[in-house]
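Single-structure report; data block below.
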Amino acid sequence: MKRTIVYFKIYVILFLAFITLKMIAYNIPGGGIIQNNIKESYYIMTEEGLYPNVGYETDDFRIRQQIDGYTDAIYLNVAFEAGEHNVLEAIASDYCGGSGNDPLEQLGYRIEHPGENLTNYGRQWFGAMIYIRPLLAVFNLAEIRYILQMVFWILLVVSFHLLSRKLDFKIAYAFLAAMLSIAPFAIPCSLNVINAFLVIFIMTILICRYYKSGFSIGNYMFITGAFTAFLDAFLTPYITFGVIAILLLYFEYLNGKLTNFCEGIVALTKCGCLWLAGYIGIWASKWMYATIITGENMFLNAWMEMVNASAGRVDYGPDTTWGYIIGSLQKNLLKIFPCNIYLIVKEHYSGAAVVISIALAACMILYWWKNKKEWREMYIGIIFLSIAVSPYIYYVIMHFHTFVHGWVEYRYQAITMMGCVLAYLTTISFEKKSSSEG
């Protein structure tokens with residue numbers, strides 16, 4: 001009961017903080033300047049298209065990286081409209097407007113026809129508006145992307161440094177390998193894609209700084225779930241759970257709080273339940289708030305959207321559910337580094353690529369076998385491996401959604417990379433073995 005009260009207090013504080021932050025962002029003066037920068041951004045996006053390639057101009061889907069201009073156009077539309085309404089109503093509805101076949105056309109229509117055909121987007125928080133709208137008061141979309149690039153890499157370096165200093169090289173390099181495996185240069189180019197990673201970096205820094213302050217891992221996971229629900233618009237939310245859960249479990253392991261497999265599974269289950277509680281709780285609070293303010297049933301609206309996202313067919317997809325499952329797994333697996341690079345090299349240097357890969361794998365296995373810990377000490381590695389396979393369970397369950405959006409949801413495999421690297425490193429003894437006793 002006492003623990004439930006604690007989580008309720010955290011929930012209330014976060015809800016009020018999120019509302020306050022959006023009120024501040026939506027009350028920023030200079031709406032004309034913001035709208036002018038949105039107009040400039042619209043022209044930039046019109047030249048790019050909704051899903052432009054970034055980094056590599058190629059038709060090979062394995063290395064091509066796309067920008068999520070579709071969601072960015074919605075963000076700009078909401079930011080354009082935000083200052084035109086009562087702030088409480090604007091927060092509840094996150095209005096966007098216009099007529100057209102896609103959000104970019106709708107944004108163009110909204111710019112040319114102020115106040116027409118408004119749509120209530122009350123089912124999502126659009127929490128990223130707390131930094132997007134202030135930035136739009138000074139910069140256009142292209143300039144904001146440069147700023148987000150700098151922020152992303154600075155936070156990544158700081159996170160890596162703190163993990164190395166507060167924990168050890170194992171978790172630091174596992175974290176770095178995870179980030180580098182998912183084309184990080186492309187992440188800050190989309191206003192929505194970067195948000196889950198901002199949550200990861202911010203929570204990583206906070207945990208490294210304040211882990212021993214008395215906050216439990218459940219509290220951290222609850223806040224992570226809530227923060228994810230606020231910032232991320234249904235794109236890659238699960239990645240924050242996997243990465244932060246691995247980090248917290250490693251903290252617990254090093255501090256002697258996880259001494260066997262059962263304790264690890266209990267802690268992992270606790271992490272999952274509390275992340276989900278924070279995530280669903282904050283989403284539901286937006287639906288409740290928007291329902292009260294607008295008089296529309298946002299709970300039903302959100303449910304129908306989730307049903308549409310988890311089932312369906314597209315004209316370029318397979319004919320069966322099993323086909324979508326296989327296609328989803330293939331699309332996502334072939335996008336992650338080093339799988340994509342290996343297959344490309346194999347196509348050009350088939351024999352050499354196979355031989356080198358087998359040799360590297362053999363060296364890793366031999367090194368592990370020679371330096372492995374006692375079998376009873378490997379429980380933490382098994383726990384990390386169980387987290388590592390979770391993205392593929394998600395791909396199977398959400399097969400339609402991940403088949404269509406594999407170009408961005410392949411990044412869930414950062415959890416796989418981090419879990420596998422850490423499982424390998426934690427089952428190896430790096431202490432020099434004595435040749436004799438006495």
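These numbers come from the heavy atoms of this one structure, side chains and all, not from hydrogens, waters or symmetry mates.
- Across every non-hydrogen atom of G381 and A423, the tightest pair is O-CB, 3.4 Å.
- With no hydrogens or angles considered, no side-chain donor-acceptor pair links T204 and S159 at under 3.5 Å.
- Side-chain contact between F230 and K22 is present, with at least one heavy-atom pair separated by less than 4.5 Å.
- Y26 places no side-chain N or O within donor-acceptor distance of the main-chain N or O of L21, the cut-off being under 3.5 Å.
- Nearest heavy-atom pair, L88 versus N86, reported as atom, atom and distance to 0.1 Å: N-OD1, 3.0 Å.
- At a threshold of 4.0 Å, the pair R123-D94 does not count as salt-bridged, since none of the basic side-chain nitrogens sits closer than that to a carboxylate oxygen.
- To the nearest 0.5 Å, atom NE2 of residue H405 and atom CZ of residue F400 are 8.0 Å apart.
- Atom CD1 of I246 and atom SG of C271 lie 10.5 Å apart (nearest 0.5 Å).
- Under 3.5 Å, the side chains of Y70 and D102 contain no donor-acceptor pair of N or O atoms.
- A side-chain donor from one of Y95 and E89 sits under 3.5 Å from a side-chain acceptor of the other.
- A donor-acceptor pair under 3.5 Å is formed between the side chain of N27 and the backbone N or O of M23.
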**Request:** Please report the C-alpha distance between V199 and M203 in whole Å, then the side-chain angles of each, then the deciding distance to 0.1 Å, and finally whether the side chain to side chain contact (heavy atoms under 4.5 Å, CB included) criterion is met.
**Result:** CA-CA 6 Å; V199 174; M203 291 306 301; 4.1 Å; yes

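- When side chains are defined from C-beta on, L135 counts as touching Y131, because their heavy atoms get closer than 4.5 Å.
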**Asked** Given the rule in the side chain to side chain contact (heavy atoms under 4.5 Å, CB included) test, do S93 and I293 qualify, once you have shown the distances and angles that lead to the verdict?
**Response** CA-CA 8 Å; S93 298; I293 297 296; 5.6 Å; no

Ignoring hydrogens and angles, write down the donor-acceptor pairs under 3.5 Å from the side chains of residues 176-189, residues two or more places apart or on other chains.
residue: S181; atom: OG; partner: A177; partner atom: O; Å: 3.4
residue: S181; atom: OG; partner: A178; partner atom: O; Å: 2.8

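- For the atom pair CD1 (I383) and CG (L422), the distance works out to 11.0 Å, reported to the nearest 0.5 Å.
- To the nearest 0.5 Å, atoms CG (N219) and OG1 (T224) are separated by 10.5 Å.
- Counting only distance, with no hydrogens or angles, the side chain of K331 and the backbone of F403 share a donor-acceptor pair below 3.5 Å.
- Judged by distance alone, with hydrogens and angles left aside, the side-chain atoms of T71 form no donor-acceptor pair with the main-chain N or O of N192 at under 3.5 Å.
- Note that the CD1 atom of I344 and the OG1 atom of T58 stand 7.5 Å from one another [nearest 0.5 Å].
- For the residue pair E81/Y121, the side-chain donor-acceptor check at 3.5 Å is not satisfied.
- Closest approach of S164 and A172 over heavy atoms only: OG-CB, 3.1 Å.
- Contact of the L198 side chain with the F227 side chain is not registered, since no non-hydrogen atoms from C-beta on lie closer than 4.5 Å.
- Panel note: side chain D72, backbone L191; a donor-acceptor pair is recorded below 3.5 Å.
- For the pair L206 and R209, the minimum side-chain heavy-atom distance is 4.5 Å or more.
- By the 6.0 Å contact criterion, CZ on F8 is open, its count of non-hydrogen atoms from other residues, nucleotides or ligands being 12 or less.
- Heavy-atom neighbours of Y173 OH from other residues, nucleotides or ligands within 6.0 Å: at or below the threshold of 12.
- Closest approach of A267 to I217, counting heavy atoms only: CB-CD1, 4.2 Å.
- The backbone N or O of L136 sits less than 3.5 Å from a side-chain atom of N37, completing a donor-acceptor pair.
- Partner of L231 under the side chain to side chain contact (heavy atoms under 4.5 Å, CB included) criterion, out of N195, I202, I194: N195 alone.
- Looking at heavy atoms from C-beta onward, V243 lies in side-chain contact with M418 at the 4.5 angstrom threshold.
- Applying the side-chain hydrogen bond (donor to acceptor under 3.5 Å, both in side chains) test to every pair with at least one member in residues 335-356, sequence neighbours left out, gives these pairs: R62-E347.
- Here the side chain of E143 pairs no donor or acceptor atom with the backbone of F139 at under 3.5 angstrom.
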**Request:** Report the C-alpha distance between S285 and Y11 in whole Å, list the side-chain angles of each, state the deciding distance to 0.1 Å, and finish with yes or no for side chain to side chain contact (heavy atoms under 4.5 Å, CB included).
**Result:** CA-CA 10 Å; S285 66; Y11 162 78; 3.1 Å; yes

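- In the model, Y250 has a side-chain atom that pairs as donor or acceptor with a side-chain atom of D168 under 3.5 Å.
- Smallest separation of non-hydrogen atoms from R411 and I239: O-CD1, 3.2 Å.
- Between H113 and Y109, the ring centre distance stays below 6.0 Å.
- With ring centers used as reference points, F175 lies 6.0 Å or more from F160.
- Distance OH/Y394 to CG/N332: 9.5 Å, rounded to 0.5 Å.
- With no hydrogens or angles considered, no side-chain donor-acceptor pair links Y395 and E409 at under 3.5 Å.
- A donor and an acceptor atom, one from each side chain of W275 and Y279, are nowhere located under 3.5 Å apart.
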**Request:** Before giving the answer on side chain to side chain contact (heavy atoms under 4.5 Å, CB included), spell out for L247 and L163 the whole-Å C-alpha distance, their side-chain angles and the decisive distance to 0.1 Å.
**Result:** CA-CA 9 Å; L247 173 60; L163 289 172; 3.3 Å; yes

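- The side-chain heavy atoms of L107 and I38, taken from C-beta on, include a pair separated by under 4.5 Å.
- Looking only at atom types and distance, the side chain of T240 has a donor-acceptor partner in the side chain of T228 under 3.5 Å away.
- Side-chain contact check for T416 versus I336: every heavy-atom pair is 4.5 Å or farther apart.
- The backbone N or O of P52 lies less than 3.5 Å from no partner atom in the side chain of Q66, so there is not a single donor-acceptor pair.
- Annotation: F241 is in aromatic contact with Y238 [ring centroid separation under 6.0 Å].
- With a 4.5 Å cut-off on side-chain heavy atoms, I67 and Y51 do not count as touching.
- The two residues M45 and L141 make their nearest non-hydrogen contact at CG-CD2, 3.5 Å.
- Two rings, from F201 and F152, have their centers less than 6.0 Å apart.
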